[in-house]
Amino acid sequence: MFKDLKYKLNEFWSEFRKVKSGVVGLVFLIIFILMIIFEPLISPFPEAGKRWRDITYWEDNSKSAPPVWTNLFTSKKYARSETLTAPIENVTDNGRVKITEYEFDYDYKADRPPGDIIFRTEATGNLLFITEIIRPDGETVSITRNNYNFSKPSNVRIALSNDSKNGAYELATKFDKENTLSIPKQSIDGFNILFSKVQENMASTHDPLKGTYKIKIRILNPGSTGVLENPRVIVSGSVSGILGTDNSKRDIWSGIVAGVKWAMLIGLLTSALSVAIGVIYGVISAYLGGFADSLLQRIYEIFVSMPVLPVLIVLGAVFKPSIWIMIIIMCVFFWTGPVKTVRSIGLQIKEETYIEASKAIGASNTRIIFKHMIPLLIPYSFASMALSVPSAIVYEATISMLGLGDPSITSWGQILQDANSAGAVIQGLWWWVVPPGLMISLVGMTFAFIGFAMDKILLPKLKTR
Amino acid sequence: MNMEKVLEVKNLKMYYFTSKGVVKAVDDISFELKKGETLGLVGESGCGKTTTGFSLLKMPSPPGKIVGGQILINGEDIMPLSENEMRKSVRWQKIAMVFQGAMNCLTPVYTIERQMMETLQLHKPMSKEEARETMKKYLGYVGLSEDILKRYPHELSGGMKQRVTIAMALFLEPEVIICDEPTTALDVVVQAQIINLLKDLKEKLKLSFIFITHDLATEAEVSDRIAVMYAGKIVEVGTNQQIYGEQGPAHPYTQKLLGATPKLHENVKELAFIPGTPPDLLEPPTGCRFHPRCPVAMEKCKKEEPILNEIEPNHFAACWRCLNEQ
Amino acid sequence: MNSEYLVEVKDLKKWFPVRRDFSQVIKKERKFVKAVDGVSFGIKKGEIFALIGESGCGKTTTAKMIMKLHEATAGQLIFENNDVTNVDKKRLLEYRKEVQMIFQDPYASMNPRFKVRDVLEEPLLIHKLYADRDERLEKMKDGLSKVKITPPEEFLERYPHMLSGGQRQRIATARSLMLSPKLVVMDEPVSMIDLSTRAEILYMLKELKNEMDLTYLYITHDLSTARYFTDRIAVMYLGKVVEMGTPEQIIDNSLHPYTKALIAAVCEPKSGKVNIVKEVPIKGEIPSAANIPQGCRFHPRCPYAKPSCISNPEPKLIEHNNDHFVACDRYKEI
């Protein structure tokens, strides 16, 4: 038995490699599988899958930032993300107050300011953080003043972008009073002004001021008991990652990579299960004919005419949303897909002389169905599987939208769903919409290619054409 | 025999360009058809006889292409004509074809009247009344009553459907009618009826037929002259008497094929057969294409390809033996 | 009497019900297509028996009833003196081992996805004849060499579409012989095969019959090959046998007007017939089996029909002489 199988597989492969589209499909499939295996290596946020909905995991990214490589195609360059470490440290302690001063040099070369500048450190004690930025032209803009009292070592995170409004407004007022006052303070973008040249109309028109910005953080510690460790500044660029970020600052690339395994699982399992059930059901119905056929067709019609969504809502309310339950529920509705076509093909095959011939030899019904009829339907099954893979993924997304999705996974459907509800298309955030969509169609194409290749091999008649 | 030539085919070549190579389905054949004559094209399946029929209409089925030769109808070469001109002035007007599966040539959802009307009005502008008159006239010729006009194809028997297609081929009184296995799918009795009908029409309307079949026995009943094809070539052309008469055909292939044809009124114990199978036209044998199966092949047959030679008046054979014996 | 026959059918009938419209259902009218309407004959051991007729005469339906692919509506099927008309699953499987079939279109009779190996192995697997793979392989090679397919090893790995028509029919023959049956039913086994190889196949079938002690039921529409190939011929018309006898009796001394017409219609490869319009004694075509004429069912087409042919009950098959049977009341007069 084992020898037989090995021989058959060998033979199958030697035939398969002759079909080019099939090989392309196989290459894609291997790429997807490699993506699943090496997910921790290729994802910049290895915990993306687990912490997709955890806002704190993503807070150091910029919001809705396009991919880094878009800089290659634009005349105005966006600032890229970088982490600044090793500041110039200056500590004075007069006994009552310990003053620590960190000075980070940020070399600004882009045309568009970064999304945010974040100071981070691990600290203990009663601490007052004062941040300011000294521009290349010598202007000093103070940004924040935060007071913390930590009894044990804690993470300190000070984001400058939001709080830069005041300082920037002051700066603008100082040089261009009239124009600036006509604009409400809330509507200005702090960083845009902060990283621009001093000039007329500077509140509304921004010419980048390139050069070295000093980010100065002064920490006042009354009692000198505070401890500061690992101070660093994270500049989160206005472009980010391979595929940008969404409006919740999540890295799309990490989401895509994390979604591969779920897409494969949902798509393959659902379509394989439902197509297998549907094909066997259809063939049996066609082969038996008569009363059994009528009965099976009526049962099928009941399933087809059942409204999917209401049933899903009820089921979703009854069961805890989980990916496995979701797959089973989808199978319950998806198996009907191939039935009608399979039945009509089956009715045709049933009349073939070779079915009659093998009946005359003494073949049992089971043998005829599984040896003669179903193998002929394999190409169709693969085509129909390939077609239902993407639809299963999309369906999963729809279920997710209803709040019935599995919150413990990251799927492309969910990314697309988020993009849709955030109006990503209208806002022009293509990097949020295109990659998950493309991936869904790539997976579909992969299976379609493999399916067609198998079609050619398993139906020798096609080869001669 | 100095009748005018209706159709003259010179060095016709039709090749199929497949992914595996060039299949020379019709390879350099020439023949002529005189007015009022029936020429039989006979050969086994795959010898190129049906392909020849389609080539005469300049309708090679893809991936086939006519690569060379001339087709002269009443002395006029139709080779340079465009597809449009072919449709307008040659097909059906000058050459019509009766296809093998007559049953499948009729659309099941239209009545016979509608289908005939369409064919008729497509080629000749005429009123419905005129068209109906024409239809009745030709249905009369093929021995059908006019009430079948209102019927659908599935209501007719195989023989009646074949008669309808013959009537449709006659509409424009073409110079040449190609009949591709018109009797193969029919029962013997009906077969005989259709053969009689064709003979009758030939007499009455002075038609010229090309009668394509694989059956030498049928050919003996209908054709004045017979051209035998093998592997894309014509190997023998002769009159009915020359092929089926006492002296028998000249080419070994024809001889063998005739020997393999069972005869009803002769009690033979053993039927002859030709060992082997017809050659693959992707790589035809060198020299004479029949030599691997020929019982009397010589060394020369393997190397040089014989051409059609007149071995007696009006009798041609492409065989080195026949030439030697002369 | 019985013992001389391997297979015997007695008054075998196959009526297919016609779909009824509403008014017919209400009136409880039932209509049938009487494809086979009372056929009786016996096939002797070692004989080649031919069923001849036009399409729609019921010859294939009769064959399928003998193959038990169709359930008989009425009548008896006797095989080796056992009534096998109605049998259970187990006996049916045994019967299938004894009776095999070769189909008209060898290509259609093989699953296009099956290699020659799978085609030949199927009967062995179904009847669980050899547990060992190598034993089966031996048997398959043996089967192939019997039908003169050489070298067998090479052909086992081919698909049907890679073979020529003649080779396919040889493979189909090999398959039917894998189980060493007693009766082989052949439905037009050579009609799809090129003329030049047709005789070769028939010759091989004859040889195999003698070698393996087989009995053939040969279904055809072609009188000419039947004359050469068979021992006895039964001519069928519209679901009934109208004449039965040896080829010489049927072809050279035919008695029934239908047989005579069939023979007259056959083309012969002889010269000098081009300008003669052949006499075809019968008109029209075979009527539908749903509407069988009263009296003698051939009367509407019969050139010799008299009113008595319509009013009298249907003529029975009676013996003329020496096992030459005919079903016509007036055969002596015509």
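Just so we're on the same page: letters track the sequence lines, and every chain starts at 1.
Interface remark: of the candidates B:Thr261, B:Val222, B:Asp215, B:Thr261 forms the most heavy-atom pairs closer than 4.5 Å to chain C. Contacts with chain B were tallied for C:Ala261, C:Gly56, C:Gly53, C:Ser55; C:Ser55 has the most, counting heavy-atom pairs under 4.5 Å. Heavy-atom pairs under 4.5 Å with chain C peak, among B:Gly245, B:Ala272, B:Ser157, at B:Ser157. For the set B:Val188, B:Val190, B:Leu257, B:Asn196, the count of heavy-atom pairs under 4.5 angstrom toward chain C peaks at B:Asn196. For chain C, the option among B:Pro262, B:Ala192, B:Pro275 with the highest count of heavy-atom pairs below 4.5 Å is B:Pro262. Between chain C and the residues B:Arg293, B:Lys256, B:Glu203, B:His265, the most heavy-atom pairs under 4.5 angstrom are made by B:His265. Of all the listed residues (B:Ile243, B:Thr277, B:Leu216, B:Val189), the one sharing the greatest number of non-hydrogen pairs under 4.5 Å with chain C is B:Val189.
With a threshold of 4.5 angstrom between heavy atoms, B:Glu44 approaches chain C through its backbone and through its side chain. Using a 4.5 Å cut-off between heavy atoms, B:Ser45 touches chain C through backbone and side chain atoms alike. Only the side chain of B:Ile195 comes within contact range of chain C, with heavy atoms under 4.5 Å apart. Only the side chain of B:Leu258 has a heavy atom closer than 4.5 Å to any heavy atom of chain C. Contact annotation for C:Ile201: neither backbone nor side-chain heavy atoms come within less than 4.5 Å of a heavy atom of chain B. Proximity to chain B (any heavy atom under 4.5 Å) is restricted, for C:Glu248, to the side chain, taken from C-beta onward. For a residue to count as touching a neighbouring chain, one of its non-hydrogen atoms must lie under 4.5 Å from one of that chain's; by this rule C:Ser164 touches chain B with the side chain only. For a residue to count as touching a neighbouring chain, one of its non-hydrogen atoms must lie under 4.5 Å from one of that chain's; by this rule B:Thr38 does not touch chain C.
Considering all non-hydrogen atoms of both residues, B:Leu39 and B:Ser223 come closest at C-OG, 4.0 Å. Nearest approach of B:Leu33 to B:Phe209, heavy atoms of both residues: CD1-O, 3.4 Å. Across every non-hydrogen atom of C:Cys309 and C:His299, the tightest pair is CB-CB, 4.2 Å.
Annotation: cation-pi geometry satisfied between C:Lys206 and C:Tyr228 (NZ/CZ under 6.0 angstrom from ring centroid, within 45° of ring axis).
Salt bridge absent: B:Arg225 and B:Glu219 never bring a charged side-chain N and a carboxylate O closer than 4.0 Å.
The salt bridge (charged side-chain N to carboxylate O under 4.0 Å, His left out) test with B:Asp224 singles out one residue from B:Lys34, B:Lys202, B:Lys35, and that residue is B:Lys202.
Counted by atom type alone, C:Thr220 and C:Asp222 present zero donor-acceptor pairs between their side chains at under 3.5 Å. Checked by atom type, the side-chain pair B:Thr218/B:Glu221 shows no donor-acceptor distance below 3.5 Å.
Taking the six-membered ring where the residue is Trp, the centroids of C:His256 and C:Phe298 are separated by under 6.0 Å. If you look at C:Phe229 and C:Tyr218, their ring centroids are closer than 6.0 Å.
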